[in-house]
Every structure is written in C-alpha cells, then in structure tokens.
Protein chains: 2
Amino acid sequence: MKRERHPTLFDVARHAGVGTTTVSRVINGGSRVSPKTLEQVRRAIDELGFVPNLAARVLKGEQSKTIGLIVPSIADSFFASCAEAIQKVARSFGSLVVVTVTHNDPALEMENIQTLFRRADGLLIAPSDSNNPKLIGRLTRLSIPVVCFDRPLHDERIPAVLTDNYHSAKTATRHLLQHGYKRILCLGGEAAFHTMEERVRGYEAAMRDANRPTTIDISAHDPSSEEIAAMLARHLTGKAPPRAVFCLKNATTIHTYDALQRFGMHIPQQVALVGYDDFLLAATLRPSITVIQQPVEEIGRKAAKLLFERLAAKADHSSLLRAESHAKNVRLKSRLIVRASCGCREFNVDGLPVSQKLQGGALAATTEM
Amino acid sequence: MKRERHPTLFDVARHAGVGTTTVSRVINGGSRVSPKTLEQVRRAIDELGFVPNLAARVLKGEQSKTIGLIVPSIADSFFASCAEAIQKVARSFGSLVVVTVTHNDPALEMENIQTLFRRADGLLIAPSDSNNPKLIGRLTRLSIPVVCFDRPLHDERIPAVLTDNYHSAKTATRHLLQHGYKRILCLGGEAAFHTMEERVRGYEAAMRDANRPTTIDISAHDPSSEEIAAMLARHLTGKAPPRAVFCLKNATTIHTYDALQRFGMHIPQQVALVGYDDFLLAATLRPSITVIQQPVEEIGRKAAKLLFERLAAKADHSSLLRAESHAKNVRLKSRLIVRASCGCREFNVDGLPVSQKLQGGALAATTEM
DNA sequence: CTGTTAGCGCATTCAT
DNA sequence: ATGAATGCGCTAACAG
C-alpha cells in the first residue's frame, strides 16, 4: 500500500523520446503514427507499466466506461440473473457496471439516479413505479441514455425491454381452464407494479373468454408466507372454493405450495397450481410446479445491448436524433413450462420417468445402520 | 440528451459573488467560512443545481468513492446476498459498488483486478484460488486495500472474512453420527476450493473421532444433476451403501435430494441427508432439509466494513502501519438448522405442526371442478 | 507524421 | 475569513 506514483503519459513520452500527443495517439488506437514510433511507444508503455488515468479522461469529456444499474434488489434471483447478463454485455463493450438498490422506494431510487448520472455513461433501470411523474421527469431530462427493463416507464422517450406479461398470464390461465377447472383464484401481491397489472389483465381476459367469474386476491405489498396462507384459507373455506390457483409471482407460488401442503390439500387433485416465474426447485418439488418462465438473461442482455446502441448513437452525433425517435419497447416472449401441478401427468424435465430405479443391484439395506 | 453543460465551481462562485476556494470549502463541510457567506454559497449551489464533478476530484487525488467487488458469479444466491449487504454498507459510506464476475477463471480474475485497481478505492474479492501465487503477488502489490471474503488468500498481508467451514462440517457430520448412522457419504464438487477442503476436513475429523471409515466422493468441477445421480447410484448399489449423505454445497444437496427421490429412496428412512448452505425451499421440501446455514449477509457486511476501516486508516496516514499488521482473518459462525432430512422429526421453522388443518369449514370439494 | 499548448473542474498552498 | 494561482493526467486544436 505504498504511495507509488503511477507513470503518466508524460513519463512514457519522455521514456520513448516522443511527445505526449504521440503517446496519446498510440493508446487510442495508434492511427497517424509511424510504425517505428508506434513500436517504441508501445515498448515504453510496457516497460513503465503505464495505465491511462480514467479520471483525467473523464475530465476531458470522454466516457467513463461505466454504466449504472438500478434494481429493486440484487439478492432477488430475477434481478441477479439480469445483472449477470448485463455485466457480460458491458464487459464486451469494455464497460463496468455499478449496481445500486432501491427496494422499490422512490426516494432511494431518485437518490441513486442522482448519484449515478454524473458517473455513468448510461443507466439501466427497473423503475419502481411506471407512472411516477417525478421519476419520468428526472429520467427524461437526464443527459445520458436510459433503458428500462422488466418494468416500463410510461413515456415515449424512454425505451424498455419487457416480457409479454399479459399474453403469458392469459396462456397460463387458459391452460388451467383447459384442464376443466372453473373456479380459478388469482393470487399475488405488489398490485401497483406494471407487471402485476398486466398479468391480472391476462388472467381476466382468459376467464372472460371462457365465461368464468374471476376471483382476484392481491395485496398491495409482497405478501408473507403467513399472509398467503390466510388468504388461501379464506378462499378454500368459502362457499365457492377455487379448484386452481394462478400465482402472480415467484414467492407467492412457493408460499402457496407451502400452505396447501400444510393444509393437507393435494396438488393437483384437490387444488391445481400454476406459477409465474420459474425457480430452481420447481421441477424437484412433488408435484413439480407448472410455471410461466421468463427469458431472464435475455432481458438483461437485450436491455444492455440497447443501451450501448444508444451510447454509440450518441457518440455518432448524426444518428442521435434518429435513435431518439426509436424509443420503441422491446417485448420478449415467455414460455409455459408444463409440469405436474396443473394436473398434467408427472414427468421430468428430461422426459425420464419420475421413479427411476437403480440398476445393477438391490437398494441399500435399511435394516442395518 | 442535450449537451447541457453542468455548472462548475466557478459558476457557483461567480453567482454567489465569492471565490472558488470558498465554494470548495462549503461543499467540503463549510468550515472556516462565515455563516453569512456560507448561506449565500449554499443558495447559489441550490439555484444552479451544482453537483461536484467527481472526475476532477479523483484527478486531484481524492477518493473515487467506489469499491470493486469481484465474485465468481452474481447470479449465485450466496454471492448475490453478499453483494446486497456490501452495497448497503458501501452506501452508508457514500460509496458505490462496481461488480465484476470471474466464473472462477484466474485469467478473468486478473483482468478484473487490472481494470478495477485504478478506478476503485478498495477491492472486495472472493478469490478463485487461495494459493495462486500470481494472484497473491498482484493483490499484495496493489496500492489500494483488499479484503477477501468466503475464501481466504494464503498470505498474511491480506485479511479475509470466512465462516467456520471446518467446525460446522464437523458438527453436521457429528449430528448424523448421533443419529446412529455408521456409513456416511461425503458428496460434493469443486474439490480445490478452500471452503470445500475445510468442510471435508471437518467431516473427516468427526468420522475419525467416531471411529468410522470415511467415504468421500468429490469431483473437481461442480457436478451436474446427472453426475450426482450417477455418483449416488454407484455408492448405493455398492457393497457397503451409505446410510446418510453429507452434501458439501447447495447445488449438490438439491441434486442429491432430487436423485434419491427419483430412485424411490425414502429420506431419511433409507438415506438421511444433511446439506451445506441453506436454500429458499429447504424448509418446504418434504422432508425438509437439515442444513448448515452460513451467515451470508453478515459475511458481506463484515467484509465491507473491514474494507472501509482500512480505507479510513489509509487516509489517516498515521494508523496505516498499524492496520497493515492487523491482517487477521475474521471467522463467522455457521449454524446447524435441524429439519427432517437428518432423521429428526418433522416440524416447521416456526414450530408449527406440519399438517395444519384449515379452520372453520370443510376442505374444498374435490369432486366438482 | 509529430510536438506544443490549452484547458477539463476541483482542492490547495500561500497570500492577504 | 477569503481569494488567486497552480497542477492533477489527459485529449484535441493547432502549428510545424
């Protein structure tokens, strides 16, 4: 941890016996430099272990080679996977990713934007509220490009990468209807999120098409395990108990599975279940859980690529205006992963039968320890 | 996306009718400035919406208010949770976190270090290889503080925040032994990682203490679901099949559960199971899975705090040397979460009975859809 | 092709 | 208590 002074452009120039401009040209591609001096300078750079000082570059108006990522949480597997994909794209463009967390708190979110917009070349954000005018105002007024993902911002100027929440929720619901279930409960939380609204709309549309009454139970916040259990208990003991449950998000699905199991209700014989968002053990649980699977990595990748596209367009002053008007949202397709909880017969992801006996020998003895 | 020029210190100075030095003093705490001018300058800052240019500050030798985080993967729930905790601490110190990913590839790791060491005030890293001399050399020669977490670096000069892998693996194994199981299989992957070595040592120690022979099956890489199934099948059909399995990591535990289920083996009646690392559905699976639970957030928090401590010490030139010698590793305690897969009776986390009947009404009819 | 020079925005002596 | 001047390392005019 010594206070070693890093070699500067000037040091390299002196060492190579040239001017600073030449060195600058070399580290920026080396065009308009004679092969001979190019070689000289390169050697000098190597020998001194010179690394350009980014702060000086940024001060000169260059890019910081950093993009900001603003998400509700990193610990959430969905956003973590997005982040990983984003990081990968950024790396391929020579950029770093700084991550900040909002917990869906608009104040924190605004603070993050404030911190980031002077330090990053662009922003990737999953906005807490698609309609918040303050947020929209701030984001549109930013001098760096912004791309939303997972959740849109209701403003023409800001592009977003989304999945087809409406259609896939409709597909999921229709699948349950095709099983013959008439009363299907739609369960979830965080009602205000755009994604949730869309999914509910999809559910409603499917039910309407089938002439079935809807039952929707969504709390404002993200319901805890206990809350889900209570909600379920209320519905199951009512006069028209649901024959199937469509869960609007990952955690809800898990809590529902958990509660039904505790209630001693058989899935899918007594209550069928379809969830939104795939999860690690969805195929391992018994019964395995049928879910809508979003292309998580693809969301992050697309969003990041879009951002770097706009960044390039910005550098290219001419195409800037064109990029501006291109603020179309990208919609990615989700898939229904049919497993057993919906009532389809049990099978593995690989198509193997569930009970796969050991070959070549008896099972381990259970009598002796 | 207009090319609006941000107001500078000079703009504020002119607007407030003072010199740049005064403004600088104000934004840096405002000491040695008369209350009157302080107020004036503050108003000018507000009116112009002045935000200090970080690049200029960094160029002046100030801190970049950024720390680098180098992890094998962000998508991994363990590191994601660490990252979240780290981010939180960093925020409390006014710093941002830039995240890079190594996939345990030493080359990528070195590249990340190279990119980060000029842009960050300090580094938090989960090193891919605790013994890699090249890595150690680079890291000790760095001019910024470095703190390892989850995995140590075998060098006195670099502190690490770790958990007690050895002891908790020993505890887990002993728990299985106390159930009376004699043949306990130790299953896992990524044998070269320090964490794995420690856990194996713990397993071995417990078995040795009990005078039981050890059976260890660990592949060099992270075994896939199929590989785990094959490994298990081999052992279960052997002449001395294991009565219990101790899984060295999260994914292995899940794959083992999955395979045993497919084999039609009852847990824990035929084969008991204890895993390392808790996971979201460990309590929800049937049987619920007994695991060693690491204090994930605490690891991240402690590591980040340690880093900022060293950062502060560095600023404080005097205490620098003292901090250097303090490079002691921090060891955090893990806990054995007893659930059902080990053979202890089934119960919930909250102590509720497993089968919790619905109150106030009959169960939903199953005859009618 | 190559070198000289002038800032980018800020913190910091050193005066006053 | 305050301000003028200097330089952090780099890029880009603008000469040669």
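Chain identifiers are assigned alphabetically (A, B, ...) following the order of the sequence lines, protein sequences preceding nucleic acid strands; residue numbering begins at 1 within each chain.
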Any chance the side chains of [X] and [Y] put a donor and an acceptor closer than 3.5 Å?
| X | Y | value |
| --- | --- | --- |
| A:Q63 | A:R57 | no |
| B:E84 | A:S73 | yes |
| B:T21 | B:S24 | no |
| A:R119 | B:S64 | no |

Going by atom type alone, with no hydrogens or angles, which donor-acceptor pairs under 3.5 Å involve a side-chain atom of residues 48-56 of chain B and a protein atom two or more places apart or on another chain?
from  : atom 1 : to    : atom 2 : distance (Å)
B:N53 : OD1    : B:A55 : N      : 2.8
B:N53 : OD1    : B:A56 : N      : 3.2

Exercise. To the nearest 0.5 Å, tell me how far B:F149 CZ sits from B:L332 CG.
Key: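 Reported to 0.5 Å precision, the distance equals 13.0 Å.
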For [X], which residues count as a salt bridge (Lys or Arg N to Asp or Glu O under 4.0 Å) partner, sequence neighbours excluded?
| X | value |
| --- | --- |
| A:R14 | A:D11 |
| A:D76 | none |
| A:K302 | A:E298 |

Quiz item: To the nearest 10 degrees, what angle separates the axes at the start and end of the helix from C:dC1-D:dG16 to C:dT16-D:dA1, five pairs each?
Solution: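 Axis angle across the helix from C:dC1-D:dG16 to C:dT16-D:dA1, nearest 10°: 40°.
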Quiz item: Taking 5' to 3' order, which nucleotide of DNA chain D is first and which is last to have an atom within less than 4.0 Å of a heavy atom in chain A?
Solution: D:dG9 to D:dA13
Scan [range] for pairs that pass ring-ring contact (aromatic ring centres under 6.0 Å, His included), counting only residues two or more places apart or in two chains.
| range | result |
| --- | --- |
| residues 114-135 of chain B | A:H6-B:F117 |
| residues 121-146 of chain B | none |
| residues 84-116 of chain B | B:F93-B:F308 |

Exercise. Mind checking B:T21 for me? I need base, sugar-phosphate or nothing, with any heavy atom below 4.0 Å counting as a touch.
Key: base
Quiz item: NA contact type, A:V58, heavy-atom cut-off 4.0 Å: base, sugar-phosphate, or nothing?
Solution: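 Counting heavy atoms under 4.0 Å across all strands, no contact is made by A:V58.
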Atom pairs under 3.5 Å, N or O on each side, protein against nucleotides 6-10 of chain C: can you list them with distances?
from   : atom 1 : to    : atom 2 : distance (Å)
C:dG7  : N2     : A:K60 : NZ     : 2.7
C:dG7  : N3     : A:K60 : NZ     : 3.4
C:dG9  : N2     : B:A56 : O      : 3.4
C:dC10 : OP1    : B:N53 : N      : 3.1
C:dC10 : OP2    : B:L9  : N      : 2.3

Practice problem: Mind checking side chain to side chain donor-acceptor pair (under 3.5 Å) for B:R25 and listing every partner two or more places apart, or none if nothing turns up? | Solution: none
Quiz item: Counting only non-hydrogen atoms, which of residues 30-43 of chain A are less than 4.0 Å from DNA chain C?
Solution: A:R32, A:V33, A:S34, A:T37
